[in-house]
Amino acid sequence: MTSILFIVFLPLLAAAIAGLGNRALGNTVAKSLTTGALFASCALSWPIFIGFMTGGLSASVTPVLHFITSGSFDASWALRVDALTAVMLVVITTVSALVHLYSWGYMADDPDQPRFFAYLSLFTFAMLMLVTADNLIQMFFGWEGVGLASYLLIGFWFKKPSANAAAIKAFVVNRVGDLGFMLGIFGTYLVFNTVSIPEILHAAPGMAGSTIGFLGHRFDTMTVLCLLLFVGAMGKSAQLGLHTWLPDAMEGPTPVSALIHAATMVTAGVFMVCRLSPMFETSQTALHVVTAVGAATCIFAATIGTTQTDIKRVIAYSTCSQLGYMFFAAGVGAYGAAMFHLFTHAFFKALLFLGAGSVIHAMHHEQDMRYYGGLRRHIPVTFLAMLLGTLAITGVGIYGVGGFAGYHSKDGILEAAWAAGQPGAFWTGIFAALLTSFYSWRLMFLTFWGKPRWAQSEHIQHAVHDAHGHGHGHNHAHHDAHVHSDGDGTAGYHPHESPLNMLIPLIVLSMGAVAAGFVFHGWFIEPTAGEHFWRGAIAFNEHLMHAMHGVPIWVKLAATVVMLLGFSGALLAYIVRTDIPARFTATFEVLYDFIYHKWYFDELYNLLFVRPAFAIGRLLWHKGDEGTIDRFGPNGSAWVVQIGSRVASRVQTGYLYTYAFVMLIGLTAAVTWVVAG
């Protein structure tokens, strides 16, 4: 399958040319080259996906080159294409191509566009290498590659201290997860004597029940390996405990949020668990851990999403919550449902992020929803796109008829949890669905309904003053006087719809948010069609899929009921009785502060890890480096030389008779030594 070579390496070639050529190429050439390469990869990916759907294609491996061969260790580079890879190919290339196009408008005023587009294409190449990996070493190469590209893109505006801090935080937190992933790879090679994924998956059932020494004790072999690998998935997919980097990553440009933190990189952990699903199936303990962590993340992130005011952070925590759904679907054995939600989520979450970017673009880079209001009349295309995305993520649909993307995929996960005998995961997911509906409609109501609140925005104030020829040197009193003179809450500012190159991706992704669920659900989760589609690419439990479709009617309707409750609550609080949020906050101040401060995870980590690390660093710096090494090393040597030079300088009198006297003494001493000898 030669087309896979073009799919994977076209983004790398474009990234290399745009990155090395940089400003010498010019913005237009760099953008055209990278965007064209991604659309070409996208055009080649869809036929592969459709080929697996129709049964016209089967799994294949395309050799690339020999990488490392040492004894039984063979990590040759090869591109594996099966149904699981095909799903990821269309997700990655489609979203990436649309994000490239969207960035033409969003980044139009940025002076470093070639560098930005080169980073985007480099990320896409690394992600494609990850999902086409035929062995664990190649997967790890792609895994670290997307980590590097994520660091570069989050910190793209490197002159902003907050962007640099967010990039470093993402890099460090992911290194914690990657340590577990590396240990899992080491252990897997130790047990199976190979890093080839097909060979490992074939041999995995035979290791069930065996034990391995780890940390001085004997444990079940497959449980240890799966949990170590899952730690890597937790870091990359921002699960509870290693999630703290994801909301801070919103410091990067909005197209980065859509590409990396909604549709592709954060789903790498889900992909890895599904790729290695035959391994996980050998350990019920590992599956229970995956289920528990996924369900906990699902509810944890959803609660935080209800209190955030930054539009991108609300969607970021929504991503974290939806990833929890995917993981607990995998934990209950419904890998097809997990991948189905990954597939549909890529469309509606990328749509919501890019829609948020369009709102931010219209509001002069204001991201606080408290300063929005009434925007649906000013940016109608963006409003319609985000409305469709909200209908998709909240799971709007009609039982027996169909609905938006989330109705089929998210509800399918809840049905699978009940069918698998995991009522705890089911009810957790139901409560998270209630919160998802609430915070999603809260975002819509605050942004597009109500009276304009733009006059309170400092960003809008600066925009209005710039438009009237004022500099930024005016004090706040002048700003306020000017702003409130309009009397309509708009600050005299008129939001504008985004350019066409930003709207086209929204329109295309809207189609996915509407149709991806009812068009593709058969191939992902229907028993017969799913077995035919996956063909061994994942551990497809046909019996669970049958049981999933046979759950009681109230289980099927539960998600729709809580979706309506969440919508009604948001409507009441933000449209009908707008005083309710303030009253609730005042009444439950402790609870609100706890959730608003993200359950104080950042503060806890700062207390337990960051501050002690800095204290140890300062101790080693001042006492170890300066007080010991420098004192007795270079500084001590310099001090000895300095004292010696002072003593020597006193001998240097400058008088000829002194030097003659010293020479005479020296000559006398030499003659005496010779005679005595």
Side-chain angles (χ1 to χ4, degrees), residues 52 58-61 78 80-88 130-140 143 180-181 183-212 219-233 237 267-291 293-294 326-340 342 416 420 524-525 527 530-545 548:
F52 278 97
S58 57
S60 64
V61 177
R80 167 167 290 276
V81 179
D82 56 14
L84 183 61
T85 304
V87 172
M88 296 303 296
L130 191 159
V131 301
T132 57
D134 189 46
N135 60 68
L136 293 176
I137 303 302
Q138 183 182 338
M139 181 181 286
F140 186 71
W143 196 271
F181 191 36
L183 291 175
I185 294 175
F186 298 156
T188 301
Y189 175 70
L190 178 67
V191 171
F192 295 99
N193 201 34
T194 181
V195 291
S196 171
I197 293 175
E199 294 179 17
I200 293 169
L201 300 184
H202 177 73
M207 295 304 300
S210 64
T211 61
I212 189 174
F219 298 99
D220 181 78
T221 301
M222 297 309 298
T223 298
V224 170
L225 297 182
C226 291
L227 290 181
L228 287 173
L229 293 168
F230 180 61
V231 170
S237 295
T267 62
V270 180
F271 165 81
M272 187 261 282
V273 171
C274 291
R275 168 64 82 199
L276 303 179
S277 54
M279 288 183 65
F280 282 83
E281 284 294 300
T282 62
S283 172
Q284 286 302 307
T285 302
L287 288 177
H288 288 322
V289 171
V290 173
T291 304
V293 171
M326 300 175 205
F327 274 112
F328 86 66
V332 302
Y335 302 100
M339 289 304 302
F340 185 33
L342 185 156
F524 283 87
I525 58 176
E531 183 72 26
H532 176 73
F533 173 66
W534 292 114
R535 279 175 282 177
I538 61 174
F540 188 79
N541 190 335
E542 189 174 353
H543 297 293
L544 177 60
M545 295 300 104
M548 185 182 91

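Sequence positions, counted from 1, serve as the residue numbers for this chain. Just so we're clear, the structure is a prediction, and the values are computed from it rather than from any experiment. Quick note: numbers below take in every heavy atom, side chains included, and nothing from hydrogens, waters or symmetry partners.
The aromatic ring centroids of F327 and F230 lie less than 6.0 Å from each other.
F328 approaches T291 most closely through the heavy-atom pair CB-O, 3.5 Å. F280 approaches L287 most closely through the heavy-atom pair O-CG, 3.4 Å. Scanning both residues, Q138 and A78, for their nearest heavy atoms gives OE1-O, 2.7 Å. Among all heavy-atom pairs drawn from L225 and F192, the shortest one is CD1-CE1, 4.0 Å. In terms of heavy-atom proximity, M139 sits nearest to L130 at O-CG, 4.0 Å. Contact detail for I212 and T221: the closest heavy-atom pair is N-OG1, 3.5 Å.
How far OG of S210 is from CE of M222: 7.5 Å, rounded to the nearest 0.5 Å. If you take CD1 on I538 and CG on L201, they are separated by 12.0 Å, rounding to the nearest 0.5 Å. Between atom OH of residue Y189 and atom CD1 of residue I137 there is a gap of 9.5 Å, rounded to the nearest 0.5 Å. Between atom CZ of residue F186 and atom CG of residue L136 there is a gap of 11.0 Å, rounded to the nearest 0.5 Å. Distance check, rounded to the nearest 0.5 Å: CG of N193 to OG1 of T188 gives 12.0 Å. Note: L229 CG to I185 CD1 = 7.0 Å, rounded to the nearest 0.5 Å.
Contact of the S237 side chain with the M326 side chain is not registered, since no non-hydrogen atoms from C-beta on lie closer than 4.5 Å. With contacts defined as side-chain heavy-atom distances shorter than 4.5 Å, the pair I200/M279 qualifies. A 4.5 Å side-chain heavy-atom check between N541 and M548 finds every atom pair outside the cut-off. With a 4.5 Å cut-off on side-chain heavy atoms, F181 and V231 do not count as touching.
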Take R275 and D82 through the side-chain contact (heavy atoms from CB on, under 4.5 Å) test and state the conclusion after the steps. CA-CA 10 Å; R275 168 64 82 199; D82 56 14; 2.6 Å; yes
Between M88 and M339, is a side-chain contact (heavy atoms from CB on, under 4.5 Å) present by the stated rule, with each step listed? CA-CA 9 Å; M88 296 303 296; M339 289 304 302; 3.8 Å; yes
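The backbone N or O of A539 lies less than 3.5 Å from a partner atom in the side chain of S277, making a donor-acceptor pair. Put simply, the side chain of T85 gets close to the backbone of V131: a donor and an acceptor are under 3.5 Å apart.
A ring-ring contact (aromatic ring centres under 6.0 Å, His included) with F533 is found for one member of F52, F540, F524 and no other, namely F524.
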